[in-house]
Amino acid sequence: MRNKKYSNTERLVDIYSSHLDVLTNELDEALKDTLFHHAIISSGAIKYRRMDDNPFPFKTNPYFCRWLPLLDHQNCYLIYTPGKKPVLIYFQEIDFWYKSAELPSSFWVNYFEIIIVNSIDEINSHLPNNKNECILITDEYLEDRYTFDIRNINPKNVINIINYGRSIKTEYEIECLRKASRIAVKGHHTASHKFKEGASEFDIHMSYCKASKHSENELPYKNIIAINENASILHYQHYQKQKIKNPRSFLIDAGAIYNGYASDISRTYAYDCNEFKSIIDGIDQMQQEIIDLIKIDMNYIELHIKAHEKIAEIILQIGLANGSIESLVKNKITDIFFPHGLGHFLGLQVHDVGGFLENSQGKEINRSDRYPFLRLNRKIKENQVFTIEPGLYVIDLLINKAKVNGTYKMLNLKQIEWLKPYGGIRIEDNIRVLDRGIENITRNAFNESPIN
Ligand code: GLY
Ligand code: MN
Ligand code: MN
């Protein structure tokens, strides 16, 4: 039995240690039948604009971050050699222009042999001599000065094993994903309050960043903060600065990061308690019905297909089109209102890797011809984490497209015109698959800190 004094930090260290065991076994397996003796994982390098000293925002290589959560540390290198304690080459440039990285001190430090270096040139002296025995794992194109003559960069067989592994989360990763959801929920609460107060998109966005304690560059993806018709644009990228005179609807898609792991959460709000509000409630309910259908060994695409049927039902209820559920799906009327995928893997990347990997040898599953935007077409397994995010949008471009095929006459344009000023609806939760059932990471976070 666990001692009652087992603190949160101790628990984190405990599950982190087991997480490292998984990564170690995975790399041992990946290197086993190769000529390579060392995997070198780069944290990444700062990139500058051409003819400028203004850098692009830095994002740590997710393959590096999976080992240790250094989120703002370029030019660090992890050296993994099977059977040996991993070595961290920790870059601490001595510079008077920028603040140097602090000396590492966190729950993970004891698991690495840490070598501090003060310049790029110093790094090579700590790397294995024989570069033919090394592979380099990076998520970007690195200039030669950062690759140190290692020619085997991201060999496919090794990356396939890692990517396949990344799609099954460890307990440590799940804890990070929970924390990322809890942080995002703080921002979501503030954002919905601000909308009710009539704030501009820009003000709502800034209040989200403040409440979640994320600067814009730290967010896992650009917040979607869309009021009224702007909510019809799937990845609406602007923040209107003026207050909106007649707020009707608010679609927010915004996440947070914890130790490199992302949350990805969408909610939609009606300004008044009206018919639009009841449509949001309908989507919210159907989203939970889809989640209830999740079962191990079913293919994710089955959920996507079910979502189309349920969206068809809602389209008929609201009167956006005429016909049967089957005819709406068959004639792609549902694609007009729900043109995106139902969801994707979530982890170190918002659209995490492995959605089309059948096995760790890299056998690829084809994208669906019928649903080309679906990013996940795999069998559901325990400890996968993915999003479930159905939507219902009024998108002129897609409605007009239907004019050129015969399906236009199935649409009820009067009702569509009525819905158009509200833009669209999306409800998105982050789901962990359990042996029996699921853990709704997002709704748990909302329930822990209910809106007041
Ligand atoms: N926020 C990006 C997405 O939902 O996929
Ligand atoms: Mn998503
Ligand atoms: Mn999202």
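Indexing begins at 1, ligand by ligand and atom by atom, following the structure's order. Start at 1 with the first residue, then count along the sequence. Just so you know, these numbers use all the heavy atoms, side chains as well, and skip hydrogens, waters and symmetry mates.
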Should you measure from each heavy atom of Y221, which atoms of ligand 1 turn up under 4.0 Å away?
1 (N)
Give a yes or no answer on whether the side chain of S266 reaches the backbone of D253 with a donor-acceptor pair at less than 3.5 Å.
no
Identify the closest protein heavy atom to atom 3 (C) of ligand 1: which residue and atom is it, and at what distance?
D264 OD2, 3.3 Å
Does the residue H235 have a heavy-atom contact with ligand 1, meaning some pair of atoms that are separated by less than 4.0 Å?
no
NZ or CZ of R11 within 45° of Y16 ring axis and under 6.0 Å:
no
Stepwise side-chain contact (heavy atoms from CB on, under 4.5 Å) test for L251 and Y269
CA-CA 7 Å; L251 193 160; Y269 301 95; over 6 Å; no
Taking only heavy atoms of E428 into account, list the atoms of ligand 1 that are under 4.0 Å away from them.
4 (O)
Return all protein N, O or S atoms below 2.8 Å from the Mn ion (ligand 2), chain by chain in residue order.
D264 OD2, H344 NE2, E389 OE2, E428 OE2
S181 and side chain to side chain contact (heavy atoms under 4.5 Å, CB included): which single residue from N440, I265, N444 fits?
I265
Exam field: side chain S449 to backbone F446, donor-acceptor pair closer than 3.5 Å
no
Dump the intermediate steps for salt bridge (charged side-chain N to carboxylate O under 4.0 Å, His left out) on D429 and R443, then the final yes or no.
CA-CA 7 Å; D429 287 344; R443 288 195 192 244; 2.6 Å; yes
Heavy-atom side-chain proximity of Y271 to F250 below 4.5 angstrom:
no
Value rounded to 0.5 Å, distance of CG in N157 from CD1 in I135:
8.5 Å
Short N/O distance, under 3.5 Å, between R426 and ligand 1?
no
What residue and atom, counting heavy atoms only, is the protein's closest point to atom 5 (O) of ligand 1, and at what distance?
H351 NE2, 2.7 Å
Based purely on interatomic distance, does H344 place a nitrogen or oxygen under 3.5 Å from a nitrogen or oxygen of ligand 1?
yes
Geometric cation-pi criterion K47 and F56, 6.0 Å radius, 45° cone:
no
